[in-house]
Participant: 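Quick one: the structure is below, and I'll ask about it shortly.
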Amino acid sequence: MNGVREKFGAFIRRERESKEIGLREMAKIIGVSPTYLSKVERDEFPPPAEDKVRSIAGIIGCDADDLLARAGRVSTDITDIIKRQPVELASLLRTANGLTTDDIARLTRQAQKAKDE
Amino acid sequence: MAKRVPYLHEEQIERDAAALLADYERARGVTILRAVPIEDIVEKYLKIGIEFDDMHRLSGVPRSGLGFEPDILGAIYFNERRIVIDESLDPVENPNKEGRYRFTLAHEVGHWWLHRPFFAKDPAQASFFNEPAPASVVCRSSQAKEPVEWQADFYASSLLMPRKVVMASWDEMFPDRRPRVIAPAVPVDHPFVELPRIECRIGNFDCSETDDNVLDRVARPLAEQFLVSPIAMRIRLEKLGLLHRTVPHQRIITGGA
C-alpha cells in the first residue's frame with residue numbers, strides 16, 4: 001500500500017482532468033467560483049461542505065464516502081447512525097477495526113442477511 | 001526584464017493562430033462561427049491546466065498604480081503545462097471581466113505557441129530541491145509593448161477574433177460590406193494640425209462619430225458575439241481594415257518659422 005494518500009485537492013484535480021472536465025465547468029456544477037475551486041484543488045483551502053464533496057464525487061465518478069474520508073470527514077448519515085446506538089455500534093466498529101476488506105465485506109453481507117430475516 | 005524573442009511578422013502570428021483553430025475544429029468535428037471556445041482549447045485540446053490566484057501575491061510584487069488595479073494578469077508554466085490567471089479576472093465572480101479573462105487565456109496560449117522554444121532551456125526555469133518552479137512567463141500590463149508581450153497579444157486577438165469569422169460577422173451586420181471610418185467629432189483646433197473634410201461614411205451618409213459611439217454601435221455587438229471586450233474588438237476591426245480612423249495631418253508650414 002502507498003503510505004501517503006494523495007491530498008483531497010490534488011486528487012479531485014487529477015480525476016477532473018482525466019475526465020476532461022473544465023475547472024469552470026465543474027465549479028458551475030457544484031455552485032462555487034472557479035477561483036474557490038482552484039484554491040481547493042491546490043489544497044490552499046480546506047475541502048468544501050459535505051454536499052459539495054458528494055457533488056464532486058458524482059462528477060468525477062468516485063465513491064462519496066471515500067472522497068469524504070479523503071476530505072477528512074465522515075458522512076453525516078453515518079454519524080447519525082452511530083449516535084442512535086452509540087455503545088453497540090462503537091463496539092462493532094472497534095471489533096471490526098483491523099479486519100481485511102474481504103472480512104468486512106463478508107460481515108456486511110451477514111448483517112444484510114440478518115436484517116432481511 | 002522582459003525576455004527577448006525574435007521578430008515575428010503579423011501574418012505569421014495570424015497564420016499560427018488560424019492553424020491552431022483549424023486543428024481544433026478538425027479534431028473536434030466542429031466549425032467555429034462566433035465565440036472561440038478558448039477554455040475548451042486550453043484545457044481539453046492542449047491539455048494545459050487553468051488556475052486562478054492572486055498574481056501579485058504569487059509573484060511577490062505589491063500592487064501599485066491607480067486604484068491598485070492588478071498589473072499582472074496571468075502567467076504560464078511551460079513545464080507544468082499550467083496557466084494561472086489573476087483572480088480579479090474570475091468571470092464568475094466578475095462577469096464584466098469575461099472578455100479580459102478570455103483574452104488573457106488566449107494571450108498565454110500565444111506564449112505557448114510562439115515562445116516556448118525560447119524558454120525551454122532557460123536555466124532560470126529549473127526547480128531546485130522541492131521549491132516550486134518559477135513561472136515561464138509572467139505577463140504584466142505595463143510591459144504590453146515589449147515584443148514578447150505584443151506578439152502574444154496579437155496572437156490572442158487573432159485566435160479569439162479569427163479574420164474569416166469576423167469578416168463574415170461584419171458582412172452580416174453591414175450588408176454593403178464597406179469599411180466604416182471614424183473621425184473625432186470635435187474639430188481639432190491647433191495651428192499645426194488639420195483634419196480632412198470628409199472623414200466618415202456610415203452607409204451612404206458622410207458624418208462623424210466619436211470613438212465611444214463607434215464602440216457602442218459597431219464594436220460592442222460584435223464583441224458580445226465573440227465574448228471579447230469592445231476595445232479588443234475595435235482594435236481587431238481596425239487591424240482588419242474594417243474600421244478606419246482618420247489621423248490628423250500635420251499642416252505644412254510654408255510661411256517660414
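Everything numeric here is computed off the predicted structure, so don't read it as measured data. Throughout, a chain's letter reflects where its sequence line sits, starting with A, and its residues are numbered from 1.
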Participant: Given a strict heavy-atom distance threshold of 4.5 Å, which part of Glu44(A) is in contact with chain B: side chain, backbone, both, or neither?
Facilitator: side chain

Participant: Quick check: does any side chain N or O of Ser38(A) sit under 3.5 Å from a backbone N or O of Glu51(B), one acting as donor and the other as acceptor?
Facilitator: no

Participant: Counting only heavy atoms not in Lys28(A), do more than 12 fall under 6.0 Å of its NZ?
Facilitator: no

Participant: For Val92(B) and Ser33(A), which heavy atoms make the closest approach, and how far apart are they?
Facilitator: CG1-CA, 4.4 Å

Participant: Return the minimal non-hydrogen interatomic distance between Arg24(A) and Tyr101(B), and the atom names on each side.
Facilitator: NH1-CE2, 3.6 Å

Participant: Salt-bridged, Glu17(A) to Lys47(B), with N to O below 4.0 Å?
Facilitator: no

Participant: Taking all non-hydrogen atoms of both residues into account, name the closest pair between Glu20(A) and Lys44(B) and its distance.
Facilitator: O-CE, 3.1 Å

Participant: Quick one: CG on Asp40(B) to CD on Glu25(A), what's the gap to the nearest 0.5 Å?
Facilitator: 7.5 Å

Participant: Give a yes or no answer on whether the side chain of Glu43(B) reaches the backbone of Leu23(A) with a donor-acceptor pair at less than 3.5 Å.
Facilitator: yes

Participant: May I ask you to name which of Ile85(B), Asp53(B), Val84(B) has the most heavy-atom pairs under 4.5 Å with chain A?
Facilitator: Asp53(B)

Participant: Is the shortest heavy-atom distance from the side chain of Glu87(B) to the side chain of Tyr36(A) under 4.5 Å?
Facilitator: no

Participant: Do other residues, nucleotides or ligands put more than 12 heavy atoms under 6.0 Å from Leu8(B) CG?
Facilitator: yes

Participant: A quick test of your reading: do over 12 heavy atoms of other residues, nucleotides or ligands sit less than 6.0 Å from CH2 of Trp150(B)?
Facilitator: yes

